Structure formats: C-alpha cells, structure tokens
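Here's the structure, in structure tokens; my notes come after.
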Amino acid sequence: MSFSDSDDEPPSLVEASDISQPNPSSAPPSQSVRVPLTIICGFLGAGKSTLLKRILTEKHGYRIAVIMNEFGDTADIEAKTINVSSADDPTAEQTEEFLELANGCLCCSIKDTGVAAIEKLMQKKGAFDYILLETTGLADPGPIASMFWLNEEYANGLADIVLDGVVCVVDAVFGLKQMEEDHDTDDLKIGESVRQVSPQIAGSDVILLNKSDLVDPSLLAETEATIKQINPAAPIYKTVKGDIDLKHIIGISAYRLPPPDMSKPDGNADDDTHVHSEDCEHTHELPPNHYELRGISSLQVSCGILSEAQLDKLDVWIRTALWENKIEDGGGGTSDLKVLRCKGAFTSEKGVHYVLQGVRSMYEISELPSTDSMGVPDTGKIVLIGKGLDDAVRKSLEHVLAG
Ligand SMILES: Nc1nc2c(ncn2[C@@H]2O[C@H](COP(=O)(O)OP(=O)(O)OP(=O)(O)O)[C@@H](O)[C@H]2O)c(=O)[nH]1
C-alpha cells in the first residue's frame with residue numbers, strides 16, 4: 001500500500017520494486033532494471049566531498065555515478081571528460097560535466113541537483129550501476145528523498161531510479177554543538193532555519209560520524225548518544241576521512257527492508273552495524289524510548305502480533321498523524337505533531353511481515369517478501385522521528401497497538 005496526502009483514491013497495491021544490487025562484474029543492467037540511488041547529506045564541512053573523493057579514487061569494483069555540486073579538488077583525477085549536450089537544453093554543456101574514471105565510476109558535476117540534471121544522467125544508463133547524490137551542506141534530505149521514493153509517476157529518467165537510502169555525514173567536532181543549537185527552536189515548524197543539522201540526521205538511514213580522529217572518546221560517545229536520541233533507527237559508523245566499507249552505505253535497501261535494529265526485539269543495533277574502535281569507551285546509556293528534547297526527537301513503540309482490525313487502526317492512526325499533523329490523545333483532545341520520518345516492522349496474525357516506511361506525509365506499508373523475512377521477529381516496533389512526539393502521542397499509539 002502506498003499513500004500520500006494528495007491521494008483522493010483508496011489505497012492501491014504497489015508492486016514490489018525491482019531493485020538491483022551493485023554487481024561490479026556484470027554486464028550493464030538491462031533497461032528494465034532500476035538504478036539504486038543513495039542521497040548523501042551532512043552539514044557544511046562534515047566531510048561529504050572527502051567521502052565521495054574516496055569513492056571516486058579507490059578500487060572497489062563498483063560502477064557508481066556520483067553527482068556532486070562541483071568537482072573541487074577531484075578534478076585532477078585521471079579521467080576522460082564528456083560533455084553533455086541536449087537539443088532541448090543548449091546550456092547543458094555549460095552546467096554539467098561528466099568524468100569517466102579509471103576505477104569505473106562516473107562522476108557528474110552539476111550546478112544543482114534538480115530533476116533535469118538527473119534525467120540527463122539517466123541518458124547514460126548502462127554506464128553505471130548505482131547513483132550517489134551529494135546534497136549541499138544546507139539541504140534537508142526529506143524533499144529530495146520524497147522525490148525519488150515512490151516516484152512511479154515521474155516520466156523520463158526518474159522512474160528508472162529506486163531510492164536505496166539516505167546517508168548523513170556528521171562532523172564529530174561540531175556535530176553536538178550543531179544539534180544543541182537546533183533545539184533553540186521548539187515549535188513544530190521544520191526547516192525554518194537552513195542551519196539545522198537535526199532534520200538531516202532525522203531523515204537519514206545511515207549516519208557517518210566523521211572526523212572521529214579529531215575528538216576525544218567522551219565527546220564522540222556523547223555525540224553518538226545524541227544522534228541516537230534523534231534517530232534511533234539509523235546505524236552509526238565512526239569514520240576518518242570517510243573511510244567506510246561501501247556495503248554499509250550502498251545497497252542497503254533502506255526503503256524496502258526493516259531497519260537493521262528492528263531485526264532484534266529489544267531494538268538495539270546489531271554489533272555488526274555499530275562500529276566500535278579501541279578508543280570507544282561506551283559509558284553512554286542506550287536511548288530511552290522517548291527522548292524529551294526541544295526540537296526533533298524520536299519515539300519508539302513496540303507491539304505484539306497485530307490483528308487485521310489493529311492493522312487497519314494503525315493505518316488510520318499513521319495517516320492522521322502524517323497528513324493532519326495531529327492525533328487524538330485519548331482524553332477527548334488532540335495533540336499536534338510533525339513526523340519527518342517513520343519506520344516500522346510488524347507481523348499480522350496471518351504471519352505476514354510488514355514494513356512501514358514514511359518520509360514526511362508520504363508513507364508505505366508493504367509486505368516483506370518471504371525471502372527477506374528470515375530472522376525477522378514476530379514482535380514489532382514503530383519508530384517516529386519528528387517534533388511534538390510527547391507522552392500523549394506515545395500513549396495514543398500504544399493504545400492502537402494494544403487492541
Ligand atoms: N582530520 C580529518 N579531516 C577531515 C576528515 N574528513 C574531512 N576532513 C577535512 O575537512 C575539510 C572539509 O571536508 P569536506 O569533505 O570538504 O566537507 P564537505 O562536507 O564536503 O564540505 P561542504 O562541501 O563545504 O559542505 C577538508 O579539509 C577535509 O580534508 C576526517 O575524518 N578527519
């Protein structure tokens with residue numbers, strides 16, 4: 001099922017996407033295979049370009065098209081420059097440039113990350129298996145993610161793209177300070193300030209805590225704990241100069257599979273998804289179910305096996321929360337909220353595993369194919385990330401999930 005607040009019609013079933021995985025040795029994908037795309041966001045100077053430069057220069061065997069706002073100091077990479085011209089856009093040559101790199105990657109420099117530029121990249125489909133899209137340091141990934149997610153209605157190139165996930169690079173030196181500054185605003189307005197880093201963390205599926213070489217372990221642990229409180233569903237990897245195994249950031253199918261920490265009933269991330277270093281002295285507590293912070297916070301509610309009636313009630317609850325930005329608080333009143341991102345995994349009494357994914361007002365509840373449901377527990381969990389997620393919201397959701 002997929003829904004958005006612009007839908008007037010009853011929900012309709014959407015076919016599971018044909019998601020391709022990176023396959024370095026294979027022939028170019030056929031025209032029918034959708035190209036996965038990962039959005040990379042992060043605050044100014046956090047290390048996005050450094051991560052992308054690493055991807056563009058290392059021998060990893062992937063044929064990745066990287067879309068950057070500018071080449072910067074990667075321009076000296078041994079490469080063949082391709083000019084792109086288009087009959088309908090004579091200025092394309094001035095605004096875009098492609099570099100074919102020795103390691104098989106395709107680097108695309110564009111002045112903006114608008115639809116037209118990405119459609120132009122898709123004209124070269126077959127030359128790459130994967131797209132990484134760097135946003136500017138100020139961009140909230142939510143609207144861009146929405147554009148690529150559930151994008152069947154887009155003509156031309158975009159419908160051939162499937163959103164794989166959103167990766168946020170957080171500056172280990174300044175990240176905590178930036179998150180604290182975000183909490184100076186405690187209303188329900190999102191994106192009022194272009195300086196906010198918390199919406200980027202909230203909207204991401206993986207977090208890279210970069211520049212971890214520059215801070216002491218206690219600050220690193222405190223920053224990590226605060227990120228977890230904003231977004232408990234995203235694994236956090238501590239990195240130096242973007243040094244990360246690509247399998248952690250690409251091909252994760254974040255919009256198709258349950259979040260990694262939901263494969264465990266207690267909600268804690270797998271050790272495999274949480275990289276510890278020898279300096280990593282974890283004195284911090286695991287995040288509580290509800291983090292009472294001004295600004296963006298998160299809420300996790302667990303549930304047992306759900307009846308069909310409960311599934312219907314849950315659907316109505318989510319729709320009301322996401323589309324009307326309010327819920328009934330159980331005492332005859334309503335509570336205002338603003339959900340930026342929601343994720344969930346739960347099981348029906350028929351034994352069907354469902355995955356909930358939501359980006360702002362868009363959401364989807366899809367059946368998890370039996371091939372992906374191995375090891376997924378019958379107990380479920382819903383995670384909401386946004387503003388106004390107070391105790392009344394938690395109780396209201398618990399009430400729906402309890403029967
Ligand atoms: N010591 C250290 N320096 C880093 C690390 N990652 C990036 N840097 C440096 O930090 C500076 C900023 O890194 P960039 O990769 O340009 O950051 P960015 O997020 O792309 O910056 P904007 O494009 O301005 O948003 C550069 O001088 C990098 O060399 C790291 O892990 N450790």
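Worth saying up front: this structure is predicted, and the values here are computed from it rather than measured. Note that ligands are numbered from 1 as they come in the structure, with each ligand's atoms numbered from 1 the same way. Only this structure's heavy atoms are used, side chains among them; waters, hydrogens and symmetry mates stay out.
- Near Lys48, meaning under 4.0 Å from any of its heavy atoms, are these atoms of ligand 1: 15 (O), 17 (O), 18 (P), 19 (O), 20 (O), 22 (P), 25 (O).
- For Leu214, every heavy-atom contact with ligand 1 shorter than 4.0 Å involves the side chain, none the backbone.
- Proximity of Gly42 to ligand 1 is not established, as no heavy-atom distance is less than 4.0 Å.
- Side chains of Gln300 and Ile382 form no contact here, defined as non-hydrogen atoms less than 4.5 Å apart.
- Salt-bridge formation is detected for the pair Asp205/Lys343: a Lys NZ or Arg NE/NH1/NH2 atom is positioned less than 4.0 Å from an Asp or Glu carboxylate oxygen.
- Of all atoms in ligand 1, numbered sequentially from 1 with element shown, those under 4.0 Å from a heavy atom of Leu44 are 25 (O).
- Note on Arg34 versus Asp160: no salt bridge recorded, every NZ/NE/NH1/NH2 to OD/OE distance being 4.0 Å or above.
- Which parts of ligand 1 touch Thr50 is read off a 4.0 Å heavy-atom cut-off, strictly below it: atoms 7 (C), 13 (O), 14 (P), 15 (O), 28 (C).
- A salt bridge is defined here as a Lys NZ or Arg NE, NH1 or NH2 lying under 4.0 Å from an Asp or Glu carboxylate O, and Glu224 with Lys228 fails to meet this definition.
- Separating the OG1 atom in Thr379 from the CD1 atom in Ile305 is a distance of 8.5 Å, to the nearest 0.5 Å.
- Between atom 17 (O) of ligand 1 and the options Ser212, Gly47, Ala172, the minimum heavy-atom separation is to Gly47.
- Checked by distance only, ligand 1 and Gly242 stay at 3.5 Å or farther apart across all their nitrogen or oxygen atoms.
- Note on Asp171 versus Lys211: salt bridge recorded, some NZ/NE/NH1/NH2 to OD/OE distance being below 4.0 Å.
- Of all atoms in ligand 1, listed by their number and element, those nearer than 4.0 Å to a heavy atom of Asp213 are 1 (N), 2 (C), 30 (C), 31 (O), 32 (N).
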